[in-house]
Amino acid sequence: TKHCICTVEILDAKTKDKLCFLDKVEPNATIGDIKCMFHKSREYDLRLTLHSKGKSLKDEDVLQHLPVGTTATFYFRDLGAQISWVTVFLTEYGGPLLLYLMFYFRVPFIYAPKYDFTTSKHWVVHLACMCHSFHYLKRLLETLFVHRFSHGTMPLRNIFKNCTYYWGFAAWMAYYINHPLYTPPTIYGEQQVRIALIIFLFCQVGNFSIHIALRNLRPPGSKTRKIPYPTKNPFTWIFLLVSCPNYTYELGSWFGFTLMTQCLPVAFFTAVGFIQMTVWAKGKHRSYLKEFRDYPPLRSPILPFVL
């Protein structure tokens, strides 16, 4: 039912103090419109809810469709200084690419002076550098040309946490893989490296295929969510069994890189990444189940039939 909303009041979610009173607001105004009236500057992002600890309202929510009376009361929560997702991804992915290459070329002050700008005698070290560089170049290009973000920004403080994670692990891995005393896999030798390379490349193509499928699922400028299904691309058929195959392929890529280099820091990075991606995948899986009643029941969050 349509009802005429004339006034909107906004309270602080913590103190319940009245922050703003808007008069003569049109009933077809959206939450985004209310935010603009309340806060002209976009240096800081803000969240409006119907309850002090309630779920955030979407910018496209319309006043007359919300459970409010003639005076709508919203609670304000300041999200603090924000930064765009594109900037975050370019920063956290560009760092590992450059850092790894510094260790690969053995720039001064990393290893002993006699090794400055020398190259490794092991071909697997050069292969690992190509794979690592390819992975992060792919991520950078996907950020610029493939990904569509449902939320335009994230808290500024998160970029320091994310960069510490990606840059720190990249430096740790690169130090040992490119170390003058590094020894390549010896148990299965070249056969192990070749199998690892096949796994790595297969999963990189798979990961890219999933990102393309997810991009095509959401038209430009739209925030509409749909159930992802397999396409004609065989790499997307894993959607039959997994809700977040992009994480499945990402895990497979780092497993291949671990097998290729047989390096403990890489294995640790893979394990930590697996834990984090599992958390993300479970959250995404739960939101799919909650939002779509006809969601395929056979799917697991990240690993088919297991997890």
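Keep in mind that the numbers below use all heavy atoms, side chains included, and drop hydrogens, waters and symmetry copies. For reference, positions follow the sequence shown, starting with 1.
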[X] with [Y], same ILVMFWY side-chain cluster at under 4.5 Å:
X: Phe274; Y: Ile210; result: no
X: Tyr100; Y: Tyr166; result: yes
X: Phe255; Y: Met173; result: no
X: Met130; Y: Val124; result: yes
X: Ile198; Y: Leu259; result: no

Report yes if some heavy atom in the side chain of [X] is under 4.5 Å from a heavy atom in the side chain of [Y]; otherwise report no.
X: Tyr111; Y: Asn178; value: yes
X: Trp280; Y: Pro301; value: no
X: Phe257; Y: His132; value: yes
X: Met277; Y: Cys244; value: no
X: Phe239; Y: Thr231; value: no
X: Pro96; Y: Leu99; value: no
X: Phe235; Y: Phe208; value: no
X: Ile227; Y: Asp294; value: yes

Shortest non-hydrogen separation from [X] to [Y] and the atoms involved:
X: Cys263; Y: Ile177; answer: SG-CG1, 4.0 Å
X: Val242; Y: Thr248; answer: CG1-OG1, 3.5 Å
X: Gly252; Y: Ile199; answer: O-CG2, 3.5 Å
X: Phe200; Y: Phe134; answer: CE2-CD2, 4.3 Å
X: Arg215; Y: Phe145; answer: NH1-O, 3.3 Å
X: Ser243; Y: Arg299; answer: OG-CB, 3.9 Å

Next item on the list: Answer yes or no: does atom OH of Tyr188 have more than 12 heavy-atom neighbours from other residues, nucleotides or ligands under 6.0 Å?
Entry: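 Result for OH/Tyr188: open.
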Check: Is the CH2 atom of Trp167 crowded by more than 12 outside heavy atoms at less than 6.0 Å?
Finding: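 No, the 6.0 Å shell around CH2 holds no more than 12 heavy atoms from other groups.
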Starting at [atom1] of [X], measure out to [atom2] of [Y] and round the result to the nearest 0.5 Å.
X: Ile195; Y: Glu190; atom1: CD1; atom2: CD; answer: 12.0 Å
X: Asn207; Y: Ser253; atom1: CG; atom2: OG; answer: 6.0 Å
X: Asn246; Y: Lys284; atom1: CG; atom2: NZ; answer: 8.5 Å
X: His122; Y: Thr261; atom1: NE2; atom2: OG1; answer: 13.0 Å
X: Leu298; Y: Leu240; atom1: CG; atom2: CG; answer: 8.0 Å
X: Tyr93; Y: Asn162; atom1: OH; atom2: CG; answer: 8.5 Å

Next item on the list: Determine yes or no for a side-chain-to-main-chain donor-acceptor pair under 3.5 angstrom, with Thr87 supplying the side chain and Ile83 the backbone.
Entry: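 Pair absent, no side-chain N/O of Thr87 close to backbone of Ile83.
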Next item on the list: Would you check if the side chain of Ser300 reaches a backbone N or O of Ile302 as a donor-acceptor pair within less than 3.5 Å?
Entry: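 No; judged by distance alone, with no hydrogens or angles, the pair does not exist.
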Any donor-acceptor pair under 3.5 Å linking the side-chain atoms of [Y] with those of [X]?
X: Thr118; Y: Arg106; result: yes
X: His126; Y: Tyr104; result: yes
X: Arg225; Y: Ser287; result: yes

Next item on the list: Report yes if the distance between the aromatic ring centroids of Tyr165 and Phe169 is under 6.0 Å, otherwise no.
Entry: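 Tyr165 vs Phe169: aromatic centres under 6.0 Å.
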Notebook entry, point to check: Centroid-to-centroid, Tyr182 to Tyr176, below 6.0 Å?
Noted result: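 Between Tyr176 and Tyr182, which both carry aromatic rings, the centre distance is not below 6.0 Å.
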Note to self: What verdict does the side-chain contact (heavy atoms from CB on, under 4.5 Å) test give for Leu90 and Leu144, after you've listed the backbone C-alpha separation in whole Å, the side-chain angles of each residue and the deciding distance to 0.1 Å?
What the structure shows: CA-CA 8 Å; Leu90 292 179; Leu144 291 172; 4.0 Å; yes
Can you say whether the rings of [X] and [Y] are parallel (under 30°), tilted (30 to 60°) or perpendicular (over 60°)?
X: Tyr288; Y: Tyr295; result: parallel
X: His147; Y: His211; result: perpendicular
X: Tyr175; Y: Phe103; result: perpendicular

Checklist line | Trace of the side-chain contact (heavy atoms from CB on, under 4.5 Å) decision for Tyr249 with Ile238 | finding: CA-CA 10 Å; Tyr249 282 125; Ile238 191 175; 4.0 Å; yes
Next item on the list: Please report the C-alpha distance between Lys138 and Glu142 in whole Å, then the side-chain angles of each, then the deciding distance to 0.1 Å, and finally whether the side-chain contact (heavy atoms from CB on, under 4.5 Å) criterion is met.
Entry: CA-CA 6 Å; Lys138 167 182 162 292; Glu142 285 177 337; 3.2 Å; yes
Margin query: Before you tell me yes or no, could you show the steps for Met260 and Val193 under side-chain contact (heavy atoms from CB on, under 4.5 Å), namely the whole-Å CA-CA distance, both residues' side-chain angles and the distance that decides it to 0.1 Å?
Written below: CA-CA 5 Å; Met260 178 190 301; Val193 175; 4.1 Å; yes
Checklist line | Check against side-chain hydrogen bond (donor to acceptor under 3.5 Å, both in side chains), Thr236 and Ser209 | finding: CA-CA 7 Å; Thr236 67; Ser209 299; over 6 Å; no
